[in-house]
Amino acid sequence: MPEGPEIRRAADKLEAAVGGEPLTDVWFAFEELKPFEAMLRGKVIERIETRGKAMLTHFSNGLTLYSHNQLYGVWRVVKAGKEPETKRVLRVKLQTAEKAILLYSASDIEMLEQEQLEKHAFLQRVGPDVLDETLTAEQVKARLLSPRFRRRQFSGLLLDQAFLAGLGNYLRVEILWEAELAPQHRAEDLTAEQVERLASALLDIPRLSYQTRGQGEENKHHGAVFSFRVFHRAGEPCERCGGIIERTNLSSRPFYWCPRCQK
């Protein structure tokens, strides 16, 4: 499943394609959404927001389209009037005079008014978004040490969207490597210095991934762009200490780490 940085980059592409332009055609596959087609034609997509792995498309009439891709959903940008050949099932089409954005295969789609948006069960449940630039390391540190989360092992905590929205498996792996921590640790067991290091990594790694992932071959966490230091690198030497990276399963997901330097 795509993680927060991938969802945010997808939202950027969609917004760049159709944002600010009047919608000439709107189509929904689900019957309960059909009444909104006429209500949205002629309106404008003002912005596309992400909350972790959920996407919120805000329209100029105050309505918001909530969508969550889950495992199989995917958005595509196409020229107006065109639909690519695919075996995927089209769920949503939002079209302007020049381009259209198409959502395939997703099933978690709702149209919400502002009051419904504020009370939405998923959005109420998720924690702060790691890509929210107003979120600080101090706030993350306080969250780590709060009674709700301080006794949770990192192997599960860093996958829990209620802790921080937008984290996922590859980010869990890379964050713990960056912080030099083993997955079985808990915040209450750490020194003040370790908590500081983890709180910074919880923001720095997702934000670097969003900003730069895939932009070059020489990707490094501490360089210009992002690449995996341990994820999918089982059997290779650790760049930090030379130990051998190992693979295991934690919380039903593959986990990669260096037992030598992740104490």
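Predicted model only: the values in this text are computed from it and were never measured.
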Criterion side chain to side chain contact (heavy atoms under 4.5 Å, CB included) on S209 and E6, from CA distance to verdict: CA-CA 8 Å; S209 177; E6 289 73 44; 4.0 Å; yes
L250 and W257: CA distance, side-chain angles, deciding distance, side chain to side chain contact (heavy atoms under 4.5 Å, CB included) verdict: CA-CA 11 Å; L250 294 174; W257 67 310; over 6 Å; no
Under 3.5 Å side-chain donor-acceptor pair for Q194 and H185: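 Looking only at side-chain atoms, H185 and Q194 do not form any donor-acceptor pair under 3.5 Å.
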Kindly give the heavy-atom pair with the smallest separation between [X] and [Y], and that separation in Å.
| X | Y | result |
| --- | --- | --- |
| V130 | P206 | CG2-CB, 3.7 Å |
| S251 | L159 | CB-CD1, 3.8 Å |
| R207 | D132 | NH2-O, 2.7 Å |

Verify the neighbour count for atom [atom1] of [X]: are there more than 12 heavy atoms of other residues, nucleotides or ligands below 6.0 Å?
| X | atom1 | value |
| --- | --- | --- |
| K99 | NZ | no |
| K34 | NZ | yes |
| F30 | CZ | yes |

Distance from [X] atom [atom1] to [Y] atom [atom2], nearest 0.5 Å?
| X | Y | atom1 | atom2 | value |
| --- | --- | --- | --- | --- |
| L56 | E49 | CG | CD | 5.0 Å |
| L23 | I45 | CG | CD1 | 5.0 Å |
| C258 | L176 | SG | CG | 13.0 Å |
| M111 | E113 | CE | CD | 10.5 Å |

Quick one: does [X]'s side chain have a donor or acceptor within less than 3.5 Å of a partner on [Y]'s backbone?
| X | Y | result |
| --- | --- | --- |
| Q95 | G81 | yes |
| N61 | L40 | no |
| R260 | C241 | yes |
| E174 | V230 | yes |
| E21 | V44 | no |
| R88 | Y72 | yes |
| S146 | R143 | yes |
| E178 | I205 | no |
| R233 | Y256 | no |

NZ/NE/NH1/NH2 to OD/OE distance under 4.0 Å, E138 and K141: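 Looking at E138 and K141, the cut-off is met.
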Sequence neighbours excluded, every pair satisfying salt bridge (charged side-chain N to carboxylate O under 4.0 Å, His left out) that has a member inside residues 179-194: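 Pairs touching residues 179-194 that pass the test: R150-E188, R151-E188, R186-E188, R186-D189, E193-R197.
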Parallel, tilted or perpendicular: ring planes of Y170 versus F231, cut at 30 and 60 degrees: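 It falls in the tilted class, 30° to 60°.
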Parallel, tilted or perpendicular: ring planes of F122 versus H120, cut at 30 and 60 degrees: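 Because their plane-to-plane angle is over 60°, the rings of F122 and H120 count as perpendicular.
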Partner of Y66 by side chain to side chain contact (heavy atoms under 4.5 Å, CB included), out of I109, L117, L123: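 Going through I109, L117, L123 one by one, the side chain to side chain contact (heavy atoms under 4.5 Å, CB included) with Y66 is satisfied by L123 alone.
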Pairwise side-chain contact, H58 with I48, heavy-atom cut-off 4.5 Å (strictly under):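 A side-chain contact is absent here, since even the closest heavy-atom pair is not under 4.5 Å.
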Heavy-atom side-chain contact between R152 and F163 under 4.5 Å: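 When only atoms from C-beta onward are counted, F163 and R152 do not touch, as no gap falls below 4.5 Å.
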L181-L145 co-clustered via ILVMFWY side chain contacts under 4.5 Å: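 Yes, same cluster.
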